[in-house]
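Here's the structure we're looking at; comments come further down.
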Amino acid sequence: SLTSIVIPDGVTSIGEGAFSNCSSLTSIVIPNSVTKIGEYAFQGCTLLEKLEIPESVTVIEKFAFSICPKLKHVVLSENLSKIEYALFWQCTSLESIEIPNVVTEIGAAAFQECSSLEKIEFPYGVTEIGKSAFSSCSSLKEIIIPDTVEDIGERVFSYCTALERIILSEELTDEKVALIENDLLNAIKAFHEISDPEERSKSIRDYTADFCANNGIRPEQALPIIK
């Protein structure tokens, strides 16, 4: 079974699904000649732990590294302008990632269910964050959204139950801010899985009070869901 691969220099593109479900693959070396990585290229490489994308790569298509549950460390090309749809979906061991400075868009579900991700820093220049981009990132504690962000989708931070602080872009409309406030309510819903009613109520109230205090959100906006 294939455990490692060195792609030959001169290759310019890694095709759709090229190494999909190579469940024994632990390492991959991508040469500087590659400019594009196709969709699903490494999806389901369940033992892949680290990834370094060379500066020559300008396009990585959707789902390329999704469902890689051992993937912890990723270095992206500084010439990548978009994080595509579900690119790192269900990479449950991914702890941190540096978004390249030229990225302007983070696609829908890009980091959904990256449950070990604790912090994300957006470069100044990101204008759009797609729906559910960070949904169910249950270890995510802090988010700083730069003022360049003009559009943000639904459920971007829903079920981020460890979230303590969000700093919002001043360019967001009231409607977009309301979407983020709704994500808070969705995060609170997760506490209803706690079986003991008193413990559940205390967890919800403590989390809500801290979150609202840190983010300028009025506690009464969260009250309808607290039961």
Pairing of Glu105 and Lys82 as salt bridge, 4.0 angstrom limit: yes
Contacts of Glu113 that satisfy salt bridge (charged side-chain N to carboxylate O under 4.0 Å, His left out) - sequence neighbours left out: none
Residues in salt bridge (charged side-chain N to carboxylate O under 4.0 Å, His left out) contact with Glu39, at least two apart in sequence or another chain: none
Please report the shortest heavy-atom distance between [X] and [Y], naming the atom on each side.
| X | Y | answer |
| --- | --- | --- |
| Ile97 | Leu117 | N-CD1, 4.3 Å |
| Ala64 | Ile37 | CB-CG2, 4.3 Å |
| Pro100 | Ser77 | CG-O, 3.1 Å |
| Leu71 | Cys91 | CD2-SG, 4.2 Å |
| Pro146 | Pro123 | CG-O, 3.6 Å |

Heavy-atom distance under 4.5 Å between the side chains of [X] and [Y], does that happen here?
| X | Y | result |
| --- | --- | --- |
| Phe157 | Ile152 | yes |
| Asp151 | Thr127 | no |
| Asn101 | Glu78 | yes |
| Lys36 | Glu61 | yes |
| Phe122 | Ile143 | yes |
| Lys50 | Glu52 | no |
| Phe65 | Ile53 | yes |
| Phe88 | Gln112 | no |

Short side-chain to backbone donor-acceptor contact, [X] and [Y], under 3.5 Å:
| X | Y | result |
| --- | --- | --- |
| Ser139 | Glu118 | no |
| Thr3 | Ser24 | no |
| Ser158 | Arg155 | yes |
| Ser93 | Pro69 | yes |
| Thr35 | Ser56 | no |

Cluster overlap Leu48 with Tyr40, hydrophobic side-chain contacts below 4.5 Å: no
In one Ile/Leu/Val/Met/Phe/Trp/Tyr side-chain cluster, 4.5 Å: Ile7, Val75: no
Parallel, tilted or perpendicular: rings of Phe63 and Tyr85 (30°, 60°): perpendicular
Parallel, tilted or perpendicular: rings of Phe19 and Phe42 (30°, 60°): parallel
Greater than 12 external heavy atoms within 6.0 Å of Glu121's CD: no
Over 12 non-hydrogen atoms of neighbours within 6.0 angstrom of CD in Glu55: yes
Gap between atom NZ of Lys70 and atom OG1 of Thr46 - 0.5 Å precision: 8.5 Å
Partners meeting side-chain contact (heavy atoms from CB on, under 4.5 Å) with Ile67 (sequence neighbours left out): Gln43, Trp89, Gln90
Polar side chain donor-acceptor pair, Thr161 to Ser138, under 3.5 angstrom: no
